[in-house]
Q: 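Structure below; questions to follow.
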Amino acid sequence: TDTPVRLGTTAGVETTTSNGSADQSPELLFSFAPPASSEVADDVMVVRTNDGETLAGALLVRDGYVVTSGTALAGADEVEISWGDSSLPGTVIGRDPVTDVTVIRVDGATPGLGKDDALAREGEEVNMPTEDGSRSTQRVVAEQSTSAMVNGDPVVGVVELDGRLGDVPPGSPAYDRNGDVVGITTATADAAPAALVPIGLAREVADEIIDDGEADHPWLGVKARNPADGESDRAGSLVTAVNEDGPAATAGMLAGDLITRIGDTPVASMAAMVATLRSHEPGDVVQIIVWRAGTEVGCTVELTSHLDVDA
């Protein structure tokens, strides 16, 4: 039987593998050893404790607000934001465990916004700043992957890179060859591939935290995973369990269903399912096509909010 691995509330989906383990290697748990350098380059923002310990990088998303990796902060609420010769106190105003995006309000004048956003493209190189002002260059392996985990739970839909995070502080921006921002780094372990939260998603979550105090995500109410080899002759996301009080159950979805389409979007994997669900809002009504016992079945689902789910 499948033993679910908790995915938090990422689009209302939990993931399992066919043997009950997470679909990641155990060494992908989040951790971060801060760089030894105490100097900060002019164009690099870092988050430090009040005692001067470097915790993470950061990206300015609004005047007076930066985003970073929540896991890297290790529960810190009052921090220092440093860039160049400047340093200002900051306060964590919200964390989103679904995406690992955390917002910090900076108490003072911050440098101006100067970078455009772009999409990370498979095969292209991205540059990430280290604390001393050098750059780490890596190649995008997958535009949406399941390679990052938070405290043992996978964060689905991140951008996977071909190298380790190394001396790049988690929470740092990643830039394409044009200097546009494509994402922020997540706090993957030293042995794990680096991963990015796509910048569009990071900004969307940050805006919700700044404006509403918390980020909301649609909830489907299923546990799911990729089919094991030989388990299905079709691509899709295999439902291993359905929350009896969730919208999927209300719509008639069953454990064993293979989700192959959400609305007009084909679903070829569990990660693709989560990414597609993220494009919707709580309250949206979507037609989900599943493959069940050799037959396509349509289920009309009204997505709800993960904030309404009992912990």
Side-chain angles (χ1 to χ4, degrees), residues 30-97 99-117 127-136 150 165-175 179-188 194 196-215:
F30 280 98
S31 65
F32 175 58
S37 172
S38 61
E39 297 179 356
V40 183
D42 289 343
D43 62 344
V44 177
M45 263 189 176
V46 296
V47 184
R48 289 186 169 131
T49 65
N50 292 329
D51 295 329
E53 177 189 359
T54 298
L55 297 174
L59 174 68
L60 188 70
V61 289
R62 284 197 203 175
D63 186 26
Y65 295 93
V66 302
V67 293
T68 188
S69 165
T71 305
L73 297 187
D77 291 319
E78 301 296 328
V79 295
E80 294 285 330
I81 308 296
S82 300
W83 69 96
D85 296 326
S86 301
S87 183
L88 290 170
T91 302
V92 173
I93 64 166
R95 293 177 167 90
D96 179 41
T99 59
D100 195 38
V101 170
T102 289
V103 178
I104 300 171
R105 184 181 64 245
V106 184
D107 301 325
T110 50
L113 297 169
K115 300 293 183 180
D116 294 327
D117 292 349
N127 294 299
M128 299 164 291
T130 61
E131 190 184 358
D132 63 5
S134 62
R135 295 291 185 270
S136 173
V150 181
L165 198 59
D167 290 337
V168 176
S172 300
Y175 304 97
D180 297 329
V181 181
V182 298
I184 61 170
T185 57
T186 56
T188 48
L196 311 174
V197 178
I199 187 58
L201 176 61
R203 289 193 189 278
E204 177 184 332
V205 170
D207 284 344
E208 289 192 49
I209 291 175
I210 294 169
D211 295 336
D212 304 325
E214 58 190 351

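Note that this is a predicted model, so its numbers are computed, not measured.
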Q: Find out whether P170 and L165 are in side-chain contact, i.e. whether some heavy atom of one side chain is under 4.5 Å from a heavy atom of the other.
A: yes
Q: At what distance, to the nearest 0.5 angstrom, does CG of D100 lie from CD1 of I184?
A: 7.5 Å
Q: Are any side-chain N or O atoms of S69 and backbone N or O atoms of T186, one a donor and one an acceptor, separated by less than 3.5 Å?
A: no
Q: Quick one: are V197 and V67 in side-chain contact, heavy atoms under 4.5 Å?
A: no
Q: I'd like to know whether I210 forms a side-chain contact (heavy atoms from CB on, under 4.5 Å) with I93, so could you lay out the CA-CA distance, the side-chain angles of the two residues, the decisive distance to 0.1 Å, and finally the verdict.
A: CA-CA 8 Å; I210 294 169; I93 64 166; 4.3 Å; yes
Q: So which atom in P173 and which in V181 form the shortest heavy-atom distance, rounded to 0.1 Å?
A: CB-CG1, 4.3 Å
Q: With heavy-atom distances below 4.5 Å as the criterion, would you say the side chains of S82 and M45 are in contact?
A: no
Q: Work out which heavy atom in T185 is nearest to a heavy atom in M128; give both atom names and the distance.
A: CG2-SD, 3.5 Å
Q: Identify the two heavy atoms, one from T130 and one from P169, that lie closest to each other, and give their separation to 0.1 Å.
A: CA-CD, 4.1 Å
Q: Which is it for T91 and E78 under the side-chain hydrogen bond (donor to acceptor under 3.5 Å, both in side chains) test, yes or no, and what are the steps along the way?
A: CA-CA 5 Å; T91 302; E78 301 296 328; 3.0 Å; yes
Q: What's the spacing between N127 CG and S172 OG if we round to 0.5 Å?
A: 12.5 Å
Q: Is the closest side-chain heavy-atom distance between T68 and T102 below 4.5 Å?
A: yes
Q: For R105 and V103, what are the C-alpha separation, side-chain angles and deciding distance, and is it a side-chain contact (heavy atoms from CB on, under 4.5 Å)?
A: CA-CA 7 Å; R105 184 181 64 245; V103 178; over 6 Å; no
Q: Measuring from atom CD1 of I104 to atom CZ of R95, what distance do you get when rounded to the nearest 0.5 angstrom?
A: 8.5 Å
Q: Going from CZ on R203 to CZ on R62, what distance comes out if it is rounded to the nearest 0.5 angstrom?
A: 10.5 Å
Q: Considering non-hydrogen atoms only, spot the tightest contact between E80 and P89 and give its length.
A: OE1-N, 3.7 Å
Q: Could you tell me the separation between the CG atom of L55 and the CG atom of L73, rounded to the nearest 0.5 Å?
A: 6.0 Å
Q: Closest heavy-atom contact between V205 and A215?
A: CG1-CB, 3.8 Å
Q: For the atom pair CG (D96) and CD1 (I209), what is the distance rounded to the nearest 0.5 Å?
A: 5.5 Å
Q: Counting only N and O atoms by type, is there a donor-acceptor contact under 3.5 Å from the side chain of D117 to the main-chain atoms of G200?
A: no
Q: Please give me the minimum heavy-atom distance between Y65 and L60, naming the atom from each residue.
A: O-CD1, 3.2 Å
